[in-house]
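Take a look at the structure below.
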Amino acid sequence: MKRRDFLKYSTLLAATSGLSSCSILHKHFHDASCKSCIDPFAKKSTTKSTIITTTQPDEEIVKGLMKDERIKSKYFSQDFTDDIFLSKEKYLFVQKLVVKFRKVQRYVGHGNFNLLSVDNFFLFTDVAPNCETITTAEKIFMEELFYFDAQKYGFKGNKTSHKLTDSISRREVSKVPYSGHFLKKDQSLKLFQKVRNDVGDSLILTSGIRGVAKQFHLFLEKTLETKGNLSKASRSLAPPGYSFHYLGDFDVGKKNMGMKNFDQDFAETDEFKRLVDLGYINIRYTQSNTLGVRFEPWHLKV
């Protein structure tokens, strides 16, 4: 679908969904004064809205598009009319928590931070330089986000960690030299070593096992980037408690490509083509996935 067609259909969706136009404004801050705002943690309430009539052919096009579960994954960086936003009050928690996660990560080191439990993150906010102690209200917000059903804002993957306090034992993992990342011993480590041997030294590990705290940090950073749009954030990153990195999945990339390893550019590399040709590699989030997640050619399934 061409971009101009997508924008046309997004406008039509805004009209047929019964929501006001502010639902699709990227820079709109949702709060109690906005009747189209959705707080995912609040009790549901019924509100009246004006429905704008469109022509029958356009309505049929829109309905047909939305039946395709892959449409949002393909246009993952767009806002959709049924996306769920955090309220302004909850968004403030995101802003404050992101600062604390950054400071704790800097204090313990990026590699160690991958293994950090949420309980230990709470403790380190007390000792990390210039970091404010975690508050009770922030803990409650994190609990709400962790235990909330992510399918309600569009993520359809399975839960991989069932308790906020789940942790990773260092006895279960091994640090991969020169990567700053850890992999689970046995299956994950053996798979990476085999893949690297078959593809070549230009293939590198870009992300390994992640604890719940690490996934929280990544997801909150993405939520900050999307201005509180949880649905949009979840199309690019698994919510805390849903990441397969917790179970052993890992990401690979091409040496010296930097952050381009986490976009479609990686799918154009010789390294990715060699991965596909190996025959024994499975991509977790393929182009045809119906989990509400964008295509991730770098994410290897274990």
What is the distance from atom CD of E225 to atom CG of L237, rounded to the nearest 0.5 Å? 10.0 Å
Closest non-hydrogen atoms of Y75 and F80, given as atom of the first, atom of the second and distance, are O-CE1, 3.6 Å
With a 3.5 Å cut-off and sequence neighbours excluded, list the donor-acceptor pairs that the side chains of residues 125-132 form with protein atoms.
{"residue": "T125", "atom": "OG1", "partner": "F122", "partner atom": "O", "Å": "2.6"}
{"residue": "T125", "atom": "OG1", "partner": "I134", "partner atom": "N", "Å": "3.2"}
{"residue": "D126", "atom": "OD1", "partner": "T133", "partner atom": "OG1", "Å": "2.7"}

Which value, rounded to the nearest 0.5 Å, describes the distance between N289 atom CG and S73 atom OG? 5.0 Å
Please identify each residue that fulfils side chain to side chain contact (heavy atoms under 4.5 Å, CB included) with R170, with sequence neighbours left out. N112, L115, F182
List the residues meeting side chain to side chain donor-acceptor pair (under 3.5 Å) with E296, not counting sequence neighbours, and say none if there are none. H299
Would V98 and F93 show up in the same hydrophobic cluster when neighbours are defined by side-chain heavy atoms closer than 4.5 Å? yes
Can you tell me if K103 has over 12 outside heavy atoms packed within less than 6.0 Å of its NZ? yes
Going through the checks in order, is the side chain to side chain contact (heavy atoms under 4.5 Å, CB included) test met by D251 and F266? CA-CA 11 Å; D251 299 339; F266 179 65; over 6 Å; no
With N229 via side chain to side chain donor-acceptor pair (under 3.5 Å) - residues at least two apart: D79, D83
Are E89 and L92 side-chain neighbours, meaning at least one heavy-atom pair lies under 4.5 Å? no
Closest approach of S236 to K222 (non-hydrogen atoms, all atoms of both residues): CB-CE, 4.1 Å
Donor-acceptor under 3.5 Å (Y153 side chain, S234 main chain): no
Test side chain to side chain contact (heavy atoms under 4.5 Å, CB included) on V252 and L275 and set out the steps. CA-CA 10 Å; V252 294; L275 281 174; 3.9 Å; yes
Could you check if a side-chain atom of V302 sits within less than 4.5 angstrom of a side-chain atom of F244, using non-hydrogen atoms only? no
Any side-chain heavy atom of F250 sitting closer than 4.5 Å to one from I209? no
Distance in Å, F121 CZ paired with Q105 CD, rounded so as to fall on 0.5 Å steps: 10.5 Å
Under 4.5 Å between any side-chain heavy atoms of V176 and H181, yes or no? no
Check the surroundings of atom CD in Q187: do more than 12 heavy atoms from other residues, nucleotides or ligands lie under 6.0 Å from it? no
Examine the side chains of H245 and N114 and answer whether a donor and an acceptor come within less than 3.5 Å of each other. no
When rounded to the nearest 0.5 angstrom, what is the spacing between OG in S117 and CG in L164? 9.5 Å
To check you understand the geometry: which heavy-atom pair defines the closest contact between A267 and F272, and what is its length? O-CD2, 3.3 Å
Is there a chain of hydrophobic side chains (I, L, V, M, F, W, Y, each step under 4.5 Å between heavy atoms) that links F141 to Y147? yes
Test your reading of the model: is there a side-chain donor-acceptor pair from R196 to the backbone of D201, 3.5 Å cut-off? yes
Counting only heavy atoms not in N256, do more than 12 sit closer than 6.0 Å to its CG atom? no
Do you know which two heavy atoms are closest between F85 and K227, and how far apart they sit? CD2-O, 4.0 Å
Taking side chain as C-beta onward, heavy atoms only, is S202 less than 4.5 Å from R274? yes
Please tell me if the side chains of D82 and K72 come closer than 4.5 Å, counting only heavy atoms from C-beta onward. yes
Are the side chains of Y280 and D198 in contact, using a 4.5 Å heavy-atom criterion? yes
How would you list, by chain and number, every residue that makes a side chain to side chain contact (heavy atoms under 4.5 Å, CB included) with T165, sequence neighbours excluded? D119, K163
Ion pair check, R102 and E221, cut-off under 4.0 Å: yes
Test item: S161 and F146 side chains (from C-beta on) under 4.5 Å apart, heavy atoms: yes
I281 reachable from V199 in the ILVMFWY side-chain graph, under 4.5 Å edges: yes
Minimum heavy-atom distance L220-V94, with the two atoms named: O-CG1, 3.6 Å
Would you say that more than 12 heavy atoms from the other residues, nucleotides or ligands in this model lie under 6.0 Å from the NZ of K185, or not? yes
Quick check for you: to the nearest 0.5 Å, what is the distance between L191 atom CG and L183 atom CG? 9.0 Å
Within the supplied structure, the quantity of interest is the number of heavy atoms (other residues, nucleotides, ligands) at a distance under 6.0 Å from Y178 OH; does it exceed 12? no
In terms of hydrophobic clusters joined by side-chain contacts under 4.5 Å, are L189 and V195 together? yes
Begin with the C-alpha distance, continue with both residues' side-chain angles, and end with the deciding distance and a verdict on side chain to side chain contact (heavy atoms under 4.5 Å, CB included) for L218 and R210. CA-CA 10 Å; L218 292 174; R210 297 178 194 157; 3.6 Å; yes
Provide the closest heavy-atom pair for T160 versus Y242 in the form atom of the first, atom of the second, distance. OG1-C, 3.4 Å
Please check this pair: side chain of K232 against backbone of S77, looking for a donor-acceptor N/O pair closer than 3.5 Å. yes
Mind checking whether L247 and F155 sit in one hydrophobic cluster, side chains of I, L, V, M, F, W, Y counted as touching below 4.5 Å? yes
Could you list all the ring pair (Phe, Tyr, Trp, His ring centres under 6.0 Å) pairs where at least one residue sits in residues 198-240, not counting sequence neighbours? F101-H217, F113-H217
If only atom types and distance count, is the side chain of Q215 paired as donor or acceptor with the main-chain N or O of A238 below 3.5 Å? yes
Got more than 12 heavy atoms from elsewhere within 6.0 Å of NZ, K159? yes
Distance-only side-chain donor-acceptor flag, N261 / T206, under 3.5 Å: no
Rounded at 0.5 Å granularity, tell me how far OH in Y91 sits from CG in L86. 9.0 Å
